[in-house]
Amino acid sequence: MIEDNVRNVMAEQESPSKSNASGAITLLKRIWTFLRNLPITRKRVFWAGVIVLVYFRPMLLPVIFIVLFWIFLIAYLTLGHDRFFEITHTAWARFSKRFPKRAEALRAKADRFAEGFDRALDYLPEAWADRLSLPDLSGKTAFDDQPDPFERLANDARKA
């Protein structure tokens, strides 16, 4: 009698574990077939890599961003404002020459962000807003409308 009860309890305990194991296996099979049927694209491979990276090395991405921030800050402070933006302008010119559609889309997004940021700056005092304002990314620079200062020097040299 006691042995029958023990056997019944053991059978009840074993059967759910077997069904759970077979259920888990079928679930894994379904997930595997779903993943195998997905078309492989660069975007999916990139995001899968990011997910794996975050899962196995969660501190790597923040460390990378912090290091990149410091590298850009040091480069900006070392090279100075004019030289730093000359280098970035050259890199942007190469990028826009190689990928014109991507460059235009990225420029449009950055321009929309700059306009929104300028709207937020309207609530600040004028002196602060002038220092914090972002450059105009419409493609036309502020220097396009101004006369070339070297033309005046060249005219003075010709007259002398």
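Count residues from 1 along the sequence. Owing to the predicted nature of the structure, the values given are computational and were not obtained by experimental measurement.
The residues Arg83 and Glu86 are annotated as salt-bridged, a charged nitrogen and a carboxylate oxygen being separated by less than 4.0 angstrom.
Surrounding CZ of Arg102 are at most 12 heavy atoms belonging to other residues, nucleotides or ligands under 6.0 Å away.
Taking the six-membered ring for Trp and the full ring otherwise, Phe72 and Tyr76 have centroids separated by 6.0 Å or more.
Expressed to the nearest 0.5 Å, how far CG of Asp82 lies from NE2 of His89 amounts to 13.0 Å. Thr26 contributes atom OG1, which lies 9.5 Å from atom CD1 of Ile31 (distance to the nearest 0.5 angstrom). For the atom pair CZ of Arg107 and CZ of Arg112, the computed distance is 9.5 Å after rounding to the nearest 0.5 Å.
Both Leu77 and Phe84 are members of a single hydrophobic cluster when ILVMFWY side chains are connected at heavy-atom separations under 4.5 Å. Put simply, Ile64 and Phe69 are part of two different groups of oily side chains (I, L, V, M, F, W, Y) that touch within less than 4.5 Å, one to the next. The cluster map of Ile, Leu, Val, Met, Phe, Trp and Tyr, joined by side-chain heavy atoms under 4.5 Å apart, puts Phe46 and Tyr55 in different clusters. Clustering ILVMFWY residues whenever any of their side-chain heavy atoms sit less than 4.5 angstrom apart, transitively, puts Trp70 in a cluster other than the one holding Val67. Linking Ile, Leu, Val, Met, Phe, Trp and Tyr whenever their side-chain heavy atoms come within less than 4.5 Å leaves Ile51 and Val54 in two separate clusters.
Taking both residues in full, the closest heavy atoms of Ser96 and Ala93 are given as OG-O, 3.0 Å, listed atom of the first, atom of the second, then distance.
Residues Arg94 and Lys97 form no side-chain contact, since every pair of their non-hydrogen atoms from C-beta on lies 4.5 Å or further apart. Put simply, the side chain of Thr90 does not reach to within 4.5 Å of the side chain of Phe95, judged on heavy atoms. In this structure, Thr88 and Phe85 have side chains that are in contact, with non-hydrogen atoms separated by less than 4.5 Å. A 4.5 Å side-chain heavy-atom check between Glu115 and Asp111 finds at least one atom pair inside the cut-off. Using a 4.5 Å heavy-atom cutoff, the side chains of Thr33 and Arg36 are not in contact.
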Exercise for the section: Might you work through the side-chain contact (heavy atoms from CB on, under 4.5 Å) test for Val52 and Trp47, ending with a clear yes or no? Expected result: CA-CA 9 Å; Val52 168; Trp47 285 113; over 6 Å; no

